[in-house]
Protein chains: 2
Amino acid sequence: MAPSVRNRKAPGVRREEILQTATEMFGDSGYRGVSIADIAAKVGISQPGLLHHFKSKEELLIAALERRDADSSAHMDEMFHKLSIADALVSLCRHNVEDPTAMRLYAVESAESIEPGHPAREFFLRRYARVRDRVADRIRRDQELHRLPATLDPLVLATEMIAVMDGLQIQWLLDPAMDLPGHMAAYLERLVIKEDR
Amino acid sequence: MAPSVRNRKAPGVRREEILQTATEMFGDSGYRGVSIADIAAKVGISQPGLLHHFKSKEELLIAALERRDADSSAHMDEMFHKLSIADALVSLCRHNVEDPTAMRLYAVESAESIEPGHPAREFFLRRYARVRDRVADRIRRDQELHRLPATLDPLVLATEMIAVMDGLQIQWLLDPAMDLPGHMAAYLERLVIKEDR
DNA sequence: GTCTATACCCGGATAGAC
DNA sequence: GTCTATCCGGGTATAGAC
């Protein structure tokens with residue numbers, strides 16, 4: 001066993017290992033489906049060892065969710081800035097499919113969090129509102145640029161676009177062979193105003 | 001507590017009570033979030049008393065899911081038969097919103113079942129395939145009747161329609177004030193071919 | 001920073017009486 | 001058909017040593 005002091009690691013390193021493993025395991029089996037002892041074992045430490053870094057299971061979940069949030073938000077802002085909403089959302093799909101582990105975590109936990117009292121409920125409520133408003137802003141800009149029909153209500157359309165992404169993600173999780181960005185692109189292309197030339 | 005023999009009920013009655021309560025509680029907190037003892041307590045019997053009717057928790061979940069399936073399938077078939085796919089899906093939304101308890105169960109459990117090894121995974125995989133094929137059939141018929149553009153792939157479009165319904169349901173569960181049938185109708189109306197007159 | 005030991009609670013399922 | 005009692009496994013979190 002030799003669990004000597006030599007197992008020790010620098011502050012940030014172990015924390016990062018735990019977050020990565022938690023992302024994988026929560027994404028596979030959901031918050032309630034995994035014990036912190038399972039996660040600790042995979043990292044190679046004991047369960048109290050893990051709780052030294054995150055004082056509760058709930059805190060670990062939120063930390064795992066927030067870990068990629070800045071990165072993902074940044075990508076979204078960048079795409080929203082230089083592309084039309086349609087192209088930006090397809091780009092986002094492609095980006096997500098490249099990191100299936102993070103995508104699974106978000107999809108599984110957002111689904112799980114529709115239960116009242118779920119630890120991540122507040123996190124996702126805030127996130128939905130934020131994303132919907134940002135998408136709606138981008139829709140308004142595209143309407144001014146005559147890329148989208150001005151008759152559509154930006155908030156209603158934003159809600160719909162997010163619904164399509166979420167719904168397609170659910171089906172992608174059941175069958176990862178499906179072409180997620182392709183389906184998203186097909187939906188969006190029917191929406192945009194074609195340039196006459 | 002006088003738990004006398006008088007607490008006994010006729011065969012089918014107790015079973016139905018248990019299924020109704022399980023539908024509510026699984027829909028509120030998910031399969032893993034509720035214990036069969038919780039359900040038994042709400043029904044007014046003991047936990048082994050409940051297990052007399054359903055030999056395991058898993059069997060109870062599947063029974064609760066299948067209970068409304070025949071009814072819901074029948075409604076779907078009826079609507080699909082006499083209405084266009086667009087009108088049928090909006091009608092289905094309205095029907096669902098009228099029975100929020102059953103809708104919550106389906107939404108929460110289908111979300112939970114994206115985890116490999118979840119007890120209801122097989123149930124929902126089969127259900128998705130069945131529903132998608134039925135929707136695709138109805139799309140083909142509407143294309144022949146020139147109600148939908150013939151250029152669209154029926155299976156791709158069916159996948160998309162189901163994604164929109166699922167995605168809107170998720171947002172409706174987070175905020176039940178939202179107009180689910182209205183959003184669905186707005187999406188579908190952009191799709192159908194307007195009659196020139 | 002990590003461990004062992006442990007306290008404490010909860011869950012599903014079974015045995016057997018009434 | 002329903003109960004009490006019980007088995008057994010597992011979960012989170014804490015105390016305290018190294």
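In what follows, chains are A, B, ... by sequence order, proteins preceding strands, each numbered from 1. Being a predicted model, the structure only gives us computed values, none of them experimental. Every heavy atom of this structure was used, including side-chain atoms; hydrogens, water molecules and symmetry mates were not.
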Asker: Return the value, rounded to whole Å, for the distance between atom CZ of B:Arg15 and atom C1' of D:dT2.
Answerer: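 That distance rounds to 17 Å.
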Asker: With A:Gln47, which residues qualify under side chain to side chain contact (heavy atoms under 4.5 Å, CB included), at least two apart?
Answerer: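 A:Ile36, A:Ala37, A:Leu51.
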Asker: When A:Asp137 is tested against each of A:Arg134, A:Arg141, A:Arg140 for side-chain hydrogen bond (donor to acceptor under 3.5 Å, both in side chains), which residue passes?
Answerer: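 It is A:Arg140, the one option of A:Arg134, A:Arg141, A:Arg140 that forms the side-chain hydrogen bond (donor to acceptor under 3.5 Å, both in side chains) with A:Asp137.
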Asker: With sequence neighbours left out, which residue pairs that include part of residues 80-89 of chain B fulfil the salt bridge (charged side-chain N to carboxylate O under 4.0 Å, His left out) condition?
Answerer: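 Qualifying pairs: B:Glu78-B:Lys82.
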Asker: Would you please name every residue forming a salt bridge (Lys or Arg N to Asp or Glu O under 4.0 Å) with A:Arg132, sequence neighbours left out?
Answerer: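 A:Arg132 satisfies salt bridge (Lys or Arg N to Asp or Glu O under 4.0 Å) with no residue once adjacent residues are dropped.
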Asker: For residues 138-181 of chain B, which residue pairs pass the ring pair (Phe, Tyr, Trp, His ring centres under 6.0 Å) check, not counting sequence neighbours?
Answerer: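 Not a single pair qualifies under ring pair (Phe, Tyr, Trp, His ring centres under 6.0 Å).
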Asker: If you look at every strand shown and take non-hydrogen atoms under 4.0 Å, does A:Ser46 touch a base, only sugar-phosphate, or nothing?
Answerer: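 Since a base atom lies under 4.0 Å of A:Ser46, the category is base.
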Asker: Partners of B:Asp153 by salt bridge (Lys or Arg N to Asp or Glu O under 4.0 Å), sequence neighbours excluded?
Answerer: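 Counting only residues at least two positions away or on another chain, B:Asp153 forms no salt bridge (Lys or Arg N to Asp or Glu O under 4.0 Å).
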Asker: Can you pull out the residues from residues 48-62 of chain A that lie within a 4.0 Å heavy-atom distance of DNA chain D?
Answerer: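 Residues of residues 48-62 of chain A under 4.0 Å from DNA chain D: A:Pro48, A:Leu51, A:Ser56, A:Lys57.
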Asker: Residues in ring-ring contact (aromatic ring centres under 6.0 Å, His included) with A:His95, at least two apart?
Answerer: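 So A:His95 forms a ring-ring contact (aromatic ring centres under 6.0 Å, His included) with A:His75.
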Asker: Given atom CZ of B:Phe26 and atom C1' of C:dG11, what is their separation to the nearest angstrom?
Answerer: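 Rounding to the nearest Å, CZ of B:Phe26 and C1' of C:dG11 are 13 Å apart.
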Asker: Could you tell me how far apart A:Gln47 (CD) and C:dT2 (C1') are, to the nearest whole angstrom?
Answerer: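 The answer, rounded to whole Å, is 13 Å.
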Asker: Nearest to the side chain of B:Ile45, heavy atoms from C-beta on, is which of C:dT2, D:dC3, D:dG11?
Answerer: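 Selected nucleotide (nearest to the side chain): D:dC3.
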Asker: Can you pull the side chain to side chain donor-acceptor pair (under 3.5 Å) pairs that have at least one residue in residues 31-43 of chain B, sequence neighbours excluded?
Answerer: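 Those involving residues 31-43 of chain B are B:Arg32-B:Glu115, B:Ser35-B:Asp38.
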Asker: Heavy-atom contacts under 4.0 Å between residues 27-34 of chain B and DNA chain D, which residues?
Answerer: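 Of all residues in residues 27-34 of chain B, none places a heavy atom under 4.0 Å from DNA chain D.
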Asker: In whole Å, I'd like the distance from the CD1 atom of B:Ile36 to the P atom of D:dC3.
Answerer: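 About 13 Å, once rounded to whole Å.
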Asker: Below the 4.0 Å mark, does D:dT2 have OP1 or OP2 next to a side-chain nitrogen or oxygen of B:Arg14?
Answerer: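 The answer is yes; a side-chain N or O of B:Arg14 sits under 4.0 Å from OP1 or OP2.
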